[in-house]
Engineer: 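Here's a structure for you.
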Amino acid sequence: MPAISRDEVAHLAGLARIEMSPDELDRMAGQLDVILGAVAQVREVAGDDVPATSHPMPLVNVTRPDVPRPGLSAEQALAGAPAQQEQRFRVPRILEED
Amino acid sequence: MSELTRRTAADLAQLLSSGEVSAVEVTQAHLDRITEVDAGVHSFLHVATESALADAAAVDAARAAGEDLGPLAGVPIAVKDVMTTQGLPTTAGSKMLEGWVPPYDATVVRKLREGRLVMLGKTNMDEFAMGSSTEHSAYGPTRNPWDLNRIPGGSGGGSAAALAAFEAPLATGTDTGGSIRQPASVTGTVGVKPTYGAVSRYGLIAMASSLDQGGPCARTVLDAALLHEVMAGPDPLDSTSLTGGYPDVVAAARAGAKDGIAGLKIGVIRELHGGEGGYQAGVLARFDESLALLTKAGAEIVEVSCPSFTAALPAYYLIMPSEASSNLAKFDAMRYGLRVGPQGVEGPSAEQVMAATRAAGFGDEVKRRIILGTYALSSGYYDAYYGSAQKVRTLIQRDFAAAFAQADVLVSPTAPTTAFPLGAKLDDPLSMYLQDVATIPANLAGIPGMSLPSGLADEDGLPAGIQLLAPAQADDRLYRVGAALESLLVESWGGQILDKAPVLDAKTLEAIR
Amino acid sequence: MTSLSQFAEVLDYDEALAKFDPVLGLEVHVELNTNTKMFCGCPTEFGAEPNTQVCPVCLGLPGALPVLNQIGLESAIRIGLALNCSIAQWCRFARKNYFYPDMPKNFQTSQYDEPIAFEGYLDVELEDGETFRVQIERAHMEEDTGKSLHIGGATGRIQGAEYSLVDYNRAGIPLIEIVTKPITGAGERAPEVAKAYVSALRELLRALGVSDVKMEQGSMRCDVNASLRPRAEDQDSVPLGTRTETKNVNSLRSVERAVKYEISRHAAVLTGGGKILQETRHWHEDTGITTSGREKSDAEDYRYFPEPDLVPIAPDAAWVEELRGTLPEPPARRRRRLQGEWNFSDKEMRDLYNSGAVELVEATVAAGASPLAARKWWTGELSRLANLEEKQLSEMPVTPAQIAQLQALVESGKLTDTLARQALEGVLAGEGDPEQVVEKRGLVLVSDDGALGEAVDRAIAANPGVADKIRAGKVQAAGALIGSVMKEMRGKADAARVRELVLERLPVDAPDA
């Protein structure tokens, strides 16, 4: 049985906001199935007593003083914008409230 | 070919500071070389001819005015397109960022500018640094100067090829799973992934934040050390930047070449030496030859075992895509970069535009990794995949700690094979991933690693690389041993390895076009 | 859209409470008043021109990295301590991944299962003086989003808009999210408890000096979770019902109303045999109802994972104790102390508290005014003016010191109440301190009997009928003459002295004369 179904890939593509055609979904499901088969062994390697490592170096408490730093001008900020209006980023209509 | 383009950075720095050549001459020579060969090699995505010449002229003026300049002032450099450069396009090899000109410099780029190095342009790479062949660039592959039908490694194939093709004496790279070291290995050049946190990641377009690390690419160990020194250092803009413990790598490189390595203990990692890894015979032969040279020079070779390394590749291919799926979410067509609407939809919503843009702007490999990472982080799978992978990371750190208790540096072949033909692994992601089997453990553990040429494989005459690994913040050991080994090898070859590379003449280049 | 039926679907509140036991949960987001944003050095001033307080970090530009604001961390810990929470010895940030155009990185940097503060409580005083303990689940650090203007369609509404315009000035402003445990046992007083909790929290945060806590400007925002379960003997053994989350309830009065509405609505659905959907709901201030928002479904998978770009926080125990030493006296205790010192009745103190004037009166008393006079100014004339201008008392452009000075002028006899009110008007108009206003406006009492006498004579001459009445013994008619004189003197006379002068001139005729 495949580790990942086409429907599951469609759901993930939705979460990741990537439009995919039926063909692409099929191809992706097949490839991911192979990859997941190869990586699944991580589940068997470490026991419950092994702590997880999220950061490679053991640094803690890195902060900066609460002092303003020069940022970008509105012009710089908007320079790469696909669309702008009234010094704001113009974006297509938003369907749902956050 | 101008003599200047075959010089090392250290030589050029010497010629520049003594006034024998001007920065403009050196820069022009490299720009000419790029014009001559890059249509075939395709190391560069953008050549900054005007700004490079202007910067070079400014260095000459400053030198004439008696200003105190950095050791590499006026030396040209190629910058991987993953680093933001104010005023120069930055695409990370993706259609998503085509034409994007960042409003700020990466810290590394700022340091290059402050060191008055001359940026020649931006080098090609796998899209968002995802790949081991540079074939995943949205702008077409880079070709290996040793054989234009083969890959230059990846993701930093552009930087490595620029060095091997004598288009630049220095280049920058980033290494998440081997993107500096594996291209170095297959192009006969030197590449170093410093300790995680030694080079600021600010302005480096992130793939996997806990694995990414910028580093130097060069043709010699000393050149890499000189560039390493410019790039590294604490940065208040990067929380993961190391605040101290920066060894003097240039001194280490000079000491290694001069004083050798007698008495050092060198550990061969059993799990990364032959066996099932699919190592090419010629790669192993050159590796063993290097060990013999080191032994002869007085080093003690010991075998160490790192049993968890068998799980390194699986762990990497969960952690990396997980972080990447989140890091690449920002490319959504709202603030910068590509925006395309879905086909046949009147007045599309933001959600639809995001999904259509991400479909059009990302290549297949990027999509694969985003979907894989989304899967590994999703509820119900997190513990089994991401959580387990982070535990493997702990085990790998423990393996390294145990190994470094027995040896000063560890060694392995850098990549299991020499450069493979373009297209050979494009349809088989898993076999492409195996290219990084030996380089990935260092990224997972945060320790520094170097690749330097070990010679040419007998079966194909292509370069192979040896990887050196050192404990975190002991990057100097890489340079010490690397420089010593390099001088032994060069002596045994009777010259630099790149001297054996085929000449890129008009005929070969024309055949590619 | 709001369907008509939703208006009808509420059960009488008392009836609802007879059948069900309400359980609440409150999530309050507080914007800190730091100088800079949570993860970058951009300023945080309210009301700046759009996209002028942004940088690569808070715009989510490729390559940018976050660095934690020290004062943001400090404020979070102080808030946690003030809420009687434990402070984490080690915790991390996490990424909350979801796409939204006003969120530049498409993940929110937040905290997930490792909040900086957890397991605390806040004692809140209800209107009748009873204390109710609200258990705190956690307080954690996160960042705010940008702000969108929705253009086209119904004005300013997201539904039906053609497009939106986004300003990222607010993106990255430090937020602390404070989450209660399920609030049980409040019964029919649940709405009052909710309001009192938010009010007490606001007072506490103000006393800590960590936030402007202006609900109307959005620097304090409240989400209300509510659910019902059937009434039972052993109420605690009954499992919790399905909850709804009403977003952005942004005034104290609305918190109370929204809770009451949701209780009545849930009760109607449940008694009608329906099921409560787990969903977010929108509060409509104007109509006093909530409407359905987005259904919480499995699709909402935030894929939290530890933020690799920020390192863990491990606050030093000694530092935490040092911060504990900076905590202000708990507001409720302080109020009781002040009430005793000022000798106010319970009602007087409660009114003062409800009008948000405790601190202002305290400062006015500290500046020399009597508690009684200070209370009179702030709950009287100033409250009246603030109401007219729809402002908070604290927003009135007058300082407690100025009020104390004004009161001193009254008490020394230099100003009458009328003149004092005129002086206050000048202060509020920005004409300076009371003494300067008195000077500029010439608000000095005319105490020269000569001038006053002449005015009195003129008033008598102009009102012969009134004069006759007084002479005839109707002394109360003097008021008309005094009023006339005061009017002529523009209030700058001591009314008592004017009365004396009037009566001197108009002696009552002896009845036998």
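Chain naming here is simple, since letters A, B, ... match the order of the sequence lines and numbering starts at 1 in each.
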Engineer: Just how far is it from atom OG1 of B:T374 to atom CD of A:E8, taken to the nearest 0.5 Å?
Structural biologist: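 Here the rounded value is 12.0 Å.
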Engineer: A:P56 versus B:S210: any side-chain heavy-atom pair under 4.5 Å?
Structural biologist: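 Of all side-chain heavy-atom pairs linking B:S210 with A:P56, at least one is under 4.5 Å.
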Engineer: So, the side chain of A:R17 versus the backbone of B:M354: is there a donor-acceptor pair under 3.5 Å, distance only?
Structural biologist: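 Not at all, since once roles are kept as given, no pair shorter than 3.5 Å links the two residues.
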Engineer: Measuring heavy-atom distances to chain A, does B:L237 have an atom under 4.5 Å in its side chain, in its backbone, in both, or in neither?
Structural biologist: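 For B:L237, side-chain heavy atoms alone lie under 4.5 Å from chain A.
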Engineer: Select, from B:Y104, B:W100, B:Y385, the one with the greatest count of heavy-atom pairs under 4.5 Å involving chain A.
Structural biologist: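 Option with the top pair count is B:Y385.
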Engineer: Is B:R335 close to A:Q84 at the side-chain level, that is, under 4.5 Å between some pair of heavy atoms?
Structural biologist: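 SC-SC contact between A:Q84 and B:R335 ruled out.
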Engineer: With a 4.5 Å limit on heavy-atom distance, are the side chains of B:L372 and A:L12 in contact?
Structural biologist: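 No, every pair of side-chain atoms sits at 4.5 Å or beyond.
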Engineer: Does any backbone or side-chain atom of B:I371 lie under 4.5 Å from a heavy atom of chain A? Answer side chain, backbone, both or neither.
Structural biologist: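 Interface part for B:I371: both.
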Engineer: Quick one: do A:E24 and B:K367 satisfy side chain to side chain contact (heavy atoms under 4.5 Å, CB included)? Show the steps, please.
Structural biologist: CA-CA 10 Å; A:E24 260 186 297; B:K367 289 181 194 171; 3.2 Å; yes
Engineer: Counting heavy-atom pairs closer than 4.5 Å to chain B, which one of A:A13, A:S73, A:S54 comes out on top?
Structural biologist: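 Top option by heavy-atom pairs under 4.5 Å: A:S54.
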Engineer: Flag the pair A:I35 / B:R368 as yes when at least one side-chain heavy-atom distance between them is below 4.5 Å, and no otherwise.
Structural biologist: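 A:I35 reaches B:R368 side chain to side chain.
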Engineer: Got A:I94 and B:E351 here, is their nearest side-chain heavy-atom distance under 4.5 Å?
Structural biologist: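 Side chain of A:I94 against side chain of B:E351, heavy atoms only: contact under 4.5 Å found.
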Engineer: Between B:G373, B:G361, B:G387, B:A350, who has the most heavy-atom pairs with chain A when the cutoff is under 4.5 Å?
Structural biologist: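 Among B:G373, B:G361, B:G387, B:A350, the one with the most close pairs to chain A is B:A350.
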Engineer: Please tell me if the side chains of A:V45 and B:K391 come closer than 4.5 Å, counting only heavy atoms from C-beta onward.
Structural biologist: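 No, side chains not in contact.
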Engineer: Working to the nearest 0.5 angstrom, can you tell me the gap between A:N61 CG and B:S239 OG?
Structural biologist: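 One finds 11.5 Å between CG of A:N61 and OG of B:S239.
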Engineer: Above 12 or not: heavy atoms from other molecules or residues under 6.0 Å from CD of A:Q85?
Structural biologist: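 More than 12 heavy atoms, drawn from other residues, nucleotides or ligands, come within 6.0 Å of this atom.
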Engineer: For B:T195, which atoms come within 4.5 Å of any heavy atom of chain A: side chain, backbone, both, or neither?
Structural biologist: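 Only the side chain of B:T195 comes within 4.5 Å of chain A.
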Engineer: Let me know if B:A333 has heavy atoms under 4.5 Å from chain A in its side chain, its backbone, both or neither.
Structural biologist: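 The backbone, not the side chain.
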Engineer: Using non-hydrogen atoms and a 4.5 Å limit, figure out which bit of A:E44 sits close to chain B: side chain, backbone, both or neither.
Structural biologist: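 For A:E44, neither part sits under 4.5 Å from chain B.
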Engineer: Relative to chain A, which segment of B:S349 carries a heavy atom at a distance below 4.5 Å: side chain, backbone, both, or neither?
Structural biologist: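 When you check distances to chain A, atoms from both the backbone and side chain of B:S349 fall under 4.5 Å.
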Engineer: List the atom of B:P348, the atom of A:P92, and the distance in Å for their closest heavy-atom pair.
Structural biologist: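 Smallest interatomic distance, heavy atoms only, reads O-CB, 3.6 Å.
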Engineer: Which one wins on heavy-atom pair count under 4.5 Å against chain B: A:M28, A:R90, A:M20?
Structural biologist: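 With the most close heavy-atom pairs to chain B, the winner is A:M28.
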Engineer: Closest heavy-atom contact between A:Q76 and B:P103?
Structural biologist: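 Shortest heavy-atom contact: NE2-O, 4.1 Å.
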Engineer: Is chain A contacted by the side chain of B:F331, its backbone, both, or neither, given a heavy-atom distance below 4.5 Å?
Structural biologist: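 Neither part; nothing is under 4.5 Å.
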Engineer: When you compare the side chain of B:Q473 with that of A:M57, does any pair of heavy atoms fall below 4.5 Å?
Structural biologist: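 Yes, close enough: below the 4.5 Å cut-off.
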Engineer: Using non-hydrogen atoms only, which part of B:Q86 is less than 4.5 Å away from chain A: side chain, backbone, both, or neither?
Structural biologist: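 The side chain, not the backbone.
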Engineer: With a 4.5 angstrom heavy-atom cut-off, which part of A:L72 approaches chain B: side chain, backbone, both or neither?
Structural biologist: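 It is the side chain, since no backbone atom gets that close.
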Engineer: Taking all atoms of both residues into account, what is the closest heavy-atom pair of A:I18 and B:A359, and its distance?
Structural biologist: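 Smallest interatomic distance, heavy atoms only, reads CG2-CA, 4.0 Å.
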Engineer: So what's closer than 4.5 Å to chain A heavy atoms on B:A445: side chain, backbone, both or neither?
Structural biologist: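 Only the backbone of B:A445 comes within 4.5 Å of chain A.
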Engineer: Considering only heavy atoms, which portion of A:R27 lies under 4.5 Å from any heavy atom of chain B: side chain, backbone, both, or neither?
Structural biologist: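 For A:R27, the contact with chain B is made by the side chain alone.
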Engineer: Of all of B:T394, B:I319, B:L242, which one pairs up most often with chain A through heavy atoms under 4.5 Å apart?
Structural biologist: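 Going by pairs under 4.5 Å, I would pick B:T394.
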Engineer: Of all of B:Y375, B:Y317, B:Y336, which one pairs up most often with chain A through heavy atoms under 4.5 Å apart?
Structural biologist: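 Highest number of pairs under 4.5 Å: B:Y375.
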Engineer: Below 4.5 Å from any heavy atom of chain A, which atoms of B:Y433 appear? Answer side chain, backbone, both or neither.
Structural biologist: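 Interface part for B:Y433: side chain.
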Engineer: Can you name the nearest heavy-atom pair linking A:L59 to B:S241, along with the distance?
Structural biologist: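 Answer, listing the atom of A:L59 first, then B:S241: CD1-O, 3.8 Å.
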Engineer: Measure B:L430 against the heavy atoms of chain A and call it side chain, backbone, both or neither at under 4.5 Å.
Structural biologist: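 Side chain of B:L430 only, per the 4.5 Å heavy-atom cut-off to chain A.
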Engineer: So does A:R6 have more than 12 non-hydrogen atoms from other groups sitting under 6.0 Å from CZ?
Structural biologist: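 More than 12 heavy atoms, drawn from other residues, nucleotides or ligands, come within 6.0 Å of this atom.
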Engineer: Flag the pair A:V50 / B:R398 as yes when at least one side-chain heavy-atom distance between them is below 4.5 Å, and no otherwise.
Structural biologist: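 A:V50 reaches B:R398 side chain to side chain.
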Engineer: Checking heavy atoms, do the side chain of A:A79, its backbone, both or neither come under 4.5 Å from chain B?
Structural biologist: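 It is neither, since no heavy atom gets under 4.5 Å.
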Engineer: Highest number of heavy-atom pairs under 4.5 Å with chain B: which of A:P51, A:S21, A:A40?
Structural biologist: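 Maximum pair count with chain B is reached by A:P51.
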Engineer: Quick one: of A:H55, A:R64, A:Q31, who has the most non-hydrogen atom pairs under 4.5 Å with chain B?
Structural biologist: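 Greatest number of close heavy-atom pairs with chain B: A:Q31.
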